[in-house]
Amino acid sequence: MVTDASPEVLIVGLGATGSLTLLELARRGVHVIGIDRGHPPHDLGSSHGRSRIIREAYFEDPLYVPLVQRAYAAWQTLERDAGTSLLRVTGGLCLGAPTSRLVTGALESAMRHRLPHEQFNADALRRAFPAHRVADDWIGILEPRAGILDPERCIATALRLATQAGATLHLGETVTGWTAHPDHVTVRTTRRTLRAAQLIVSAGGRAPELIPALVPALTVERQVQFWFAPRAEATAFAPERFPVFLSEIAPGTIWYGFPDVGDGVKVAWHHRAPGTSTHTTRAGDVRAPATAAEVSVMRAHLAAHLPWADGILRGTATCHYSNTPDEHFLIDLAPDTDRVWVASPCSGHGFKFASAIGEVLADLALGATPAFDFTPFRWR
Ligand SMILES: Cc1cc2nc3c(=O)[nH]c(=O)nc-3n(C[C@H](O)[C@H](O)[C@H](O)COP(=O)(O)OP(=O)(O)OC[C@H]3O[C@@H](n4cnc5c(N)ncnc54)[C@H](O)[C@@H]3O)c2cc1C
C-alpha cells in the first residue's frame, strides 16, 4: 500500500537522535513521520539505562563545547514545555594523571571556553571525594554544571510533545529499504510504502543495514552498564556529595559512574572494557547479557578504585555504541543523494547533544543552514 498523505520529512529510528529531531520538526509545523522497529523508549538501541552524563569541559575536543551549551538550553526548553525535570545537576569530575587525555582534554576545553572549573591534587581529592581511591600523582577537574539526563524520560517526553505538535508515529514497524528519486524518496517498511521529500536515517547501530556504504566505517561496540548497592558509607554516593565522574586509570582506559539516585551506583567502561570488548558491524550480535567474568572484572576494579561501591550487584543492562573510526559523530547526506541524511551522533558520547542535534538535523532536512558547523561530522 502506498500512503498518499506524504510527509515532508520521514525519520527512521526514534532513539535520542530521532525523537528529538521529530520534536524539533513538529514544533516548526513540519509534516513529519517517525518510524521505529520498537516502541521507544526501549532497550533495543543505544539510548537506555536510566542515566547519561552531560558535561561541558569536553575532553574529546573543544569543538563540542558550543554544541553542548546549546544542548543545555534546549533541554531546559524541553523541561519547561513538558513541565517536568529531565536533567539533574551533580557536578562532574574528571580524574587521572596530569598527562592523561581525559584530564588534559577537559582542562583545554575549560580554559579555551572559560568554563568554571576547579582543580584538585590527590590529597584534596581524597578529602573532598573520599569514595574515590586515587594515585598520588593524579589530579581532578571538577565542573559544576555537569549532571545526569534520564534517557528514557527524555525520549518519552520528546515523543509525547512531538505527537501533541502534530507528528505521526509508526511504532513496531521496521524500515526495510528506501529509494531516492529526483523529487522525493520512497521508504519501504514491513507494513507500507511511504514517500517524503526528505529522509533522516537515525537508526543507530542498524544504520548500515539501510546505508550499506557505512560498512565498515560504523562499527557497533557492546557495552555493559552495572548497578551496585553501596557496601557501606552509602551517604558518600548521594547526588549532593558524589558528582558524576570519568576516570582514566591507564592510558586509553576510561571508566565512569553516577551517584546513587535510588537504584545503586551505576558504573561502566567507556569503550574498550579491559579484556572483554566486542567489536562487530552487526547490532543484532551485541545484546548478550553481562557475563560472570565481566561482573568480576568490574568488581576487582571497584575494589581498587571505588571500594565502598562494591556491594550487591543490583542489575546490569547491555547497550551498544555506534562508533566511527575517530569517535566523532557522523552527520551527512548518504552517498549520491540530496535528500537522505544519516545521523549517528554516538561513539558513546552523543546523548547529551540530542536536543541540539535535533535542531541541526531539522535545519538540514529543511534546507536551512544550521547554527553549528557540522562539517567536522561529515562523511570522512
Ligand atoms: C552504555 C552507554 C552509555 C552511554 N553514556 C553516555 C553518556 O553518559 N553521555 C552521553 O552523552 N552519551 C552516552 N552514550 C551515547 C548515547 O546514549 C548515544 O549516542 C545515543 O543514545 C544514540 O542515540 P541514537 O538515537 O543515535 O541511536 P539509538 O538509540 O540506537 O536509536 C536508533 C533507533 O533506531 C531504531 N531502528 C534501527 N533500525 C531500524 C529500522 N530498520 N527501522 C525502524 N527503526 C529502526 C532502533 O529501534 C532505535 O530506536 C552512551 C551509550 C551507551 C550505549
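Values in this document were obtained by computation on a predicted structure and should not be read as measured data. As the structure lists them, so they are numbered: ligands from 1, and atoms in each ligand from 1.
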**Q** Step by step, work out the ring-ring contact (aromatic ring centres under 6.0 Å, His included) result for Y321 and H349.
**A** CA-CA 9 Å; Y321 288 177; H349 62 120; 8.8 Å; no
**Q** Just which atoms of ligand 1 are under 4.0 Å from any heavy atom in A203?
**A**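 Those atoms are 32 (C), 34 (O), 37 (C), 38 (N).
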**Q** Hey, is CG on D336 packed in by over 12 heavy atoms from elsewhere, all under 6.0 Å?
**A**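 Count not over threshold, so no.
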**Q** Could you list the atoms of ligand 1 found under 4.0 angstrom from a heavy atom of H320?
**A**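 What qualifies from ligand 1 is 53 (C).
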**Q** Can you report which non-hydrogen protein atom sits closest to atom 27 (O) of ligand 1, along with the distance?
**A**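 Nearest neighbour among protein heavy atoms for atom 27 (O) of ligand 1, to 0.1 Å: G204 CA, 3.7 Å.
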**Q** Which heavy atom of the protein is the closest neighbour of atom 16 (C) of ligand 1, given with residue, atom name and distance?
**A**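 Going atom by atom, the protein heavy atom closest to atom 16 (C) of ligand 1 ends up being F351 N, 3.4 Å.
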**Q** Identify the closest protein heavy atom to atom 20 (C) of ligand 1: which residue and atom is it, and at what distance?
**A**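 For this ligand atom, the closest protein heavy atom is S47 OG, 3.8 Å.
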**Q** Look only at interatomic distance and state if V175 has a nitrogen or oxygen under 3.5 Å from any nitrogen or oxygen of ligand 1.
**A**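 Between V175 and ligand 1, an N or O pair is found under 3.5 Å apart.
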**Q** Which atom pair, heavy atoms only, marks the closest approach of I53 to G257?
**A**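 Minimum heavy-atom contact is CD1-O, 4.4 Å.
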**Q** Determine, using ring centers only, whether W269 and Y256 are less than 6.0 Å apart.
**A**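 Y256 vs W269: aromatic centres not under 6.0 Å.
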**Q** So, are E294 and R222 salt-bridged, with charged N and O less than 4.0 Å apart?
**A**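 Counted as a salt bridge, because a side-chain N and a carboxylate O are separated by less than 4.0 Å.
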**Q** Considering the heavy atoms of G15, write down every atom of ligand 1 situated less than 4.0 Å from one of them.
**A**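 Within the 4.0 Å cut-off of G15, ligand 1 contributes 25 (O), 29 (O), 31 (O), 33 (C), 49 (O).
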**Q** State the atoms of ligand 1, each with its element, that fall below the 4.0 Å cut-off from a heavy-atom position in R206.
**A**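 Heavy-atom distances to R206 below 4.0 Å select 37 (C), 38 (N).
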**Q** Could you check whether Y64 and F353 have their ring centres less than 6.0 Å apart?
**A**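 For F353 and Y64, the ring centres are under 6.0 Å apart.
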**Q** Mind checking whether V12 contacts ligand 1 via backbone (N, CA, C, O), side chain (CB onward), both or neither, at a 4.0 Å heavy-atom cut-off?
**A**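 The answer is the side chain.
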**Q** Among all protein heavy atoms, pick out the one at the shortest distance from atom 17 (O) of ligand 1; state its residue, atom name and that distance to 0.1 Å.
**A**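 Minimum-distance protein heavy atom for atom 17 (O) of ligand 1 reads R52 NE, 2.8 Å.
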**Q** How far is atom 2 (C) of ligand 1 from its nearest protein heavy atom, and which residue and atom name does that atom have?
**A**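 Residue, atom and distance for the closest contact: Y321 CE2, 3.6 Å.
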**Q** Is any N or O atom of G38, backbone or side chain, closer than 3.5 Å to an N or O atom of ligand 1?
**A**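 No.
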**Q** Ring centroids only, cut at 6.0 angstrom: are W255 and H301 within range, meaning strictly under it?
**A**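 Between H301 and W255, which both carry aromatic rings, the centre distance is below 6.0 Å.
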**Q** With only distance considered, is K352 within less than 3.5 Å of ligand 1 through an N or O on each side?
**A**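 Yes, at least one N or O pair falls under 3.5 Å.
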**Q** Would you say T17 and ligand 1 have an N/O pair spaced under 3.5 Å apart?
**A**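 It does: an N or O of T17 is found under 3.5 Å from an N or O of ligand 1.
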**Q** Is R314 salt-bridged to D263, cutoff N-O under 4.0 Å?
**A**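 Salt bridge flag = no for D263 with R314.
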**Q** For ligand 1, indicate whether the residue S347 contacts it via side chain, backbone, both or neither (heavy-atom separation under 4.0 Å).
**A**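 Under 4.0 Å from ligand 1, S347 contributes no heavy atoms.
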**Q** So, regarding R37 and ligand 1 (criterion: nitrogen or oxygen to nitrogen or oxygen, under 3.5 Å), is there a contact or not?
**A**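 Among all N and O atoms of R37, at least one is under 3.5 Å from an N or O of ligand 1.
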**Q** Please identify each residue that fulfils salt bridge (charged side-chain N to carboxylate O under 4.0 Å, His left out) with E108, with sequence neighbours left out.
**A**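 Counting only residues at least two positions away or on another chain, E108 forms a salt bridge (charged side-chain N to carboxylate O under 4.0 Å, His left out) with R112.
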**Q** Under 4.0 Å from any heavy atom of G45, which atoms of ligand 1 are there?
**A**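 That gives atoms 30 (O) of ligand 1.
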**Q** Please examine the side chains of L313 and W227, heavy atoms only from C-beta on, and report whether any two atoms are closer than 4.5 Å.
**A**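 Side chain of W227 against side chain of L313, heavy atoms only: no contact under 4.5 Å found.
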**Q** Heavy atoms only, cut-off 4.0 Å: how does Y256 contact ligand 1, side chain, backbone, both, or neither?
**A**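 Near ligand 1, Y256 shows its side chain, while the N, CA, C and O stay back.
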**Q** Compute the shortest N/O to N/O distance between A343 and ligand 1 and return yes if it is under 3.5 Å, no if not.
**A**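 No: no nitrogen or oxygen of A343 is under 3.5 Å from one in ligand 1.
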**Q** Under 4.0 Å from a heavy atom of S202: give me the atoms of ligand 1 that qualify, with their elements.
**A**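 Taking each heavy atom of S202 in turn, ligand 1 has 32 (C), 33 (C), 34 (O) under 4.0 Å.
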**Q** Compute both the distance and the angle, then confirm whether R80 meets the cation-pi test with W75: under 6.0 Å from the six-membered ring centre, within 45 degrees of the axis.
**A**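 Output no; distance or angle outside limits.
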**Q** Do me a favour and list the nearest non-hydrogen protein atom to atom 34 (O) of ligand 1 with residue, atom name and distance?
**A**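 The answer is G13 CA, 3.1 Å.
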**Q** Need the ligand 1 atom indices (1-based, order shown) with element for anything under 4.0 Å from a heavy-atom of G348.
**A**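 That gives atoms 6 (C), 12 (N), 13 (C), 14 (N), 15 (C), 50 (C) of ligand 1.
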**Q** Got the closest protein heavy atom to atom 28 (P) of ligand 1, with its distance?
**A**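 The closest heavy atom on the protein side is S46 N, 3.6 Å.
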**Q** Looking only at protein heavy atoms, which one is nearest to atom 48 (C) of ligand 1, and what is the separation?
**A**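 Its nearest protein heavy-atom neighbour is D36 OD2, 3.4 Å.
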**Q** For the ring pair H42 and H39, is the centre-to-centre distance below 6.0 Å?
**A**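 No.
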**Q** Got an N/O contact under 3.5 Å between C319 and ligand 1?
**A**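 There is no such contact.
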**Q** Are the aromatic ring centres of F120 and F129 under 6.0 angstrom apart?
**A**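 Under 6.0 Å, so yes.
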**Q** If you count the atoms of ligand 1 from 1 in the order shown, which ones are under 4.0 Å from a heavy atom of I53?
**A**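 Counting from 1, the qualifying ligand atoms are 7 (C), 8 (O), 9 (N), 10 (C), 11 (O).
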**Q** Got an N/O contact under 3.5 Å between Q225 and ligand 1?
**A**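 Q225 vs ligand 1: no N/O contact under 3.5 Å.
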**Q** Under 4.0 angstrom from ligand 1, any heavy atom of G49?
**A**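 It does not; every heavy atom stays at 4.0 Å or beyond.
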**Q** Hey, does the side chain of S51 reach the backbone of I148 with a donor-acceptor pair shorter than 3.5 angstrom?
**A**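 No, S51 side chain to I148 backbone: no donor-acceptor pair under 3.5 Å.
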**Q** With backbone taken as N, CA, C and O and side chain as the heavy atoms from C-beta onward, which portion of E173 lies under 4.0 Å from ligand 1: side chain, backbone, both, or neither?
**A**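 The part of E173 near ligand 1 is the backbone, not the side chain.
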**Q** Quick check with a 6.0 Å cut-off and a 45 degree axis cone: is R55 positioned over the face of Y58's six-membered ring?
**A**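 Judged by the rule (NZ or CZ under 6.0 Å from the ring centre, within 45° of its axis), R55 counts as positioned above Y58.
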**Q** Tell me yes or no: between the side chains of H320 and Q223, is some donor less than 3.5 Å from an acceptor?
**A**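 No, no side-chain donor-acceptor contact under 3.5 Å.
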**Q** Is there a nitrogen or oxygen of H42 sitting under 3.5 Å from a nitrogen or oxygen of ligand 1?
**A**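 The answer is yes, given that H42 and ligand 1 share an N or O pair closer than 3.5 Å.
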**Q** For residues 134-147, which residue pairs pass the side chain to side chain donor-acceptor pair (under 3.5 Å) check, not counting sequence neighbours?
**A**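 Checked against side chain to side chain donor-acceptor pair (under 3.5 Å) - neighbours excluded - the pairs reaching residues 134-147 are E56-R145, R126-D136.
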